Amino acid sequence: MAAHVGRIVLPGEKIQDLTESEKSKKIILGPGLRTEGEDVFVCKSGVLKFRDPNIYWIESHQKRYVPVKGEHVIGIVTQKAGDIFRVDIGGSEQASLSYLSFEGATKRNRPDCKVGDMLYCRLLVANKDMEPEVVCIDGYGRSSGMGVVRSGGFLFKTSLNLVRKLISTECCLMKKLGNKFPFEVVVGMNGRVWVKGRTNKETLALVNAICSSENMTNEEIKAMCSQLSDDLAGAE
């Protein structure tokens, strides 16, 4: 493990330990790191993180989303042009979505998708030289939970750091909230989160809890969830 792990690093900084002590190992570089020959450099400021077996990335509190192939995102349909939908995914340019990229879609059986609809989709193409392309099916042609989300709820924007925390197995927030009351949630890697509780009051309470958890420890999250449950029970 590199000695820089857990430390704040700046753009242009060379990660010395990765280039010397771990040359014989296969290293996977995540967001914020790039290679030049055999050297590894930092390309955005933040904290260097490590996960077994040999994965390194930079964790930063940014809100601007850069599309990454394979990531699941929440998009908004902004336009329909022939057989292609234009989808806002929060990046520098909109993504394209074919009408055939839905489960069971054919030329005769077109998906019920309209301008303004919210989509949970996956990035099929994410390249700096090409416009992003998203699909609502997995590699087997099944939806796997993706598609149009129309059942009310509340959509809000968070930092990319909070999104990564929410989907982490180390974060107990979703489990603790689910033990208190039922709700639905969709987390997009582009910093968009959709949540729906049984009532509008519960939905807003869930939104506040998620936004407040960014800088909390698991112990603080547990205490907050217990307090939230008591407050909602007392208000009924």
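Source: prediction; values computed, not measured.
- Using a 4.5 Å cut-off between side-chain heavy atoms of Ile, Leu, Val, Met, Phe, Trp and Tyr, with links allowed through other members, Val68 and Val73 fall into different hydrophobic clusters.
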Evaluate side chain to side chain contact (heavy atoms under 4.5 Å, CB included) for Leu119 paired with Val77, printing each intermediate quantity in order.
CA-CA 7 Å; Leu119 294 172; Val77 180; 3.5 Å; yes
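- Remark: Asn200 CG is loosely packed, at most 12 non-hydrogen atoms of other residues, nucleotides or ligands lying under 6.0 Å away.
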Given side chain to side chain contact (heavy atoms under 4.5 Å, CB included), test Ser101 with Val134 step by step and report yes or no.
CA-CA 8 Å; Ser101 296; Val134 294; over 6 Å; no
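- Connectivity analysis of hydrophobic side chains (ILVMFWY, heavy atoms under 4.5 Å, direct or indirect) links Met130 to Leu124, Val125, Val135, Ile137.
- For the atom pair CG (Asn190) and NE2 (His72), the distance works out to 12.0 Å, reported to the nearest 0.5 Å.
- In plain terms, the two heavy atoms of Ala105 and Leu100 that are nearest each other are O-CD2, 3.8 Å.
- With sequence neighbours excluded, the residues satisfying side-chain hydrogen bond (donor to acceptor under 3.5 Å, both in side chains) with Arg110 are Asp83.
- Pairing each heavy atom of Leu177 with each of Cys225, the nearest pair is CD2-SG, 3.7 Å.
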When you look at Leu48 and Ile58, which way does the side chain to side chain contact (heavy atoms under 4.5 Å, CB included) test go after all the steps?
CA-CA 5 Å; Leu48 180 64; Ile58 302 296; 3.7 Å; yes
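- Taking 4.0 Å as the cut-off between side-chain N and carboxylate O, Glu36 and Lys14 do not count as a salt-bridged pair.
- Residue Met174 holds its CE atom at 11.5 Å from OG of Ser168, rounded to the nearest 0.5 Å.
- Residue pairs meeting the side-chain hydrogen bond (donor to acceptor under 3.5 Å, both in side chains) criterion with at least one partner in residues 132-146, sequence neighbours excluded, are Glu103-Ser143, Asp138-Ser144.
- A side-chain donor-acceptor contact under 3.5 Å links Ser213 to the backbone of Ile210.
- In this structure, the separation between CD on Glu131 and OG on Ser96 is 4.0 Å, given to the nearest 0.5 Å.
- Minimum interatomic distance between Ile89 and Ala95 (heavy atoms only, all atoms of both residues): CD1-CB, 4.1 Å.
- By the criterion of side-chain heavy atoms lying less than 4.5 angstrom apart, applied directly or through intervening Ile, Leu, Val, Met, Phe, Trp or Tyr residues, Leu29 is not grouped with Phe41; the two fall into different hydrophobic clusters.
- Hydrophobic clustering, with ILVMFWY side chains joined whenever heavy atoms are under 4.5 angstrom apart, keeps Phe102 apart from Ile84.
- Between Phe50 and Tyr56, the angle of the ring planes lies from 30° to 60°, which puts this pair in the tilted group.
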Working note: Cys211 + Val193, criterion side chain to side chain contact (heavy atoms under 4.5 Å, CB included); need CA distance, chi angles, decisive distance, verdict.
CA-CA 10 Å; Cys211 292; Val193 180; over 6 Å; no
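- Separating the CG atom in Asn161 from the CG atom in Leu166 is a distance of 9.5 Å, to the nearest 0.5 Å.
- Distance NZ/Lys176 to NZ/Lys180: 7.5 Å, rounded to 0.5 Å.
- A heavy-atom distance below 4.5 Å is found between the side chains of Ile167 and Met189.
- Among all heavy-atom pairs drawn from Glu202 and Pro182, the shortest one is OE1-O, 4.2 Å.
- The structure places CZ of Arg164 at 8.5 Å from CH2 of Trp57, a figure rounded to the nearest 0.5 Å.
- By the side-chain hydrogen bond (donor to acceptor under 3.5 Å, both in side chains) test, Gln227 is found to be paired with Asp231, residues two or more places apart in sequence or in another chain being considered.
- Tracing side-chain contacts under 4.5 Å through hydrophobic residues (I, L, V, M, F, W, Y), one reaches Phe154 starting from Leu206; they form part of the same cluster.
- Across every non-hydrogen atom of Glu214 and Ser159, the tightest pair is OE2-OG, 2.7 Å.
- Using a 4.5 Å heavy-atom cutoff, the side chains of Ile15 and Val42 are in contact.
- Clustering of Ile, Leu, Val, Met, Phe, Trp and Tyr by side-chain heavy atoms under 4.5 Å joins Ile76 with Ile74, Met118, Tyr120, Met146, Val149, Leu155, Val186, Trp194.
- Shown here is Lys69, whose NZ atom has no more than 12 heavy atoms of other residues, nucleotides or ligands within 6.0 Å.
- The hydrophobic cluster of Leu204 has no other members, since no ILVMFWY side-chain heavy atom comes under 4.5 Å of it.
- Checked by atom type and distance alone, the side chain of Thr78 pairs as donor or acceptor with a backbone atom of Arg86 at under 3.5 Å.
- Taking a cutoff of 4.0 Å between a charged side-chain nitrogen and a carboxylate oxygen, Lys80 and Asp117 do not qualify as a salt bridge.
- For the pair Cys171 and Ile221, the tightest heavy-atom approach, listed with the atom from each and the gap, is SG-CD1, 4.2 Å.
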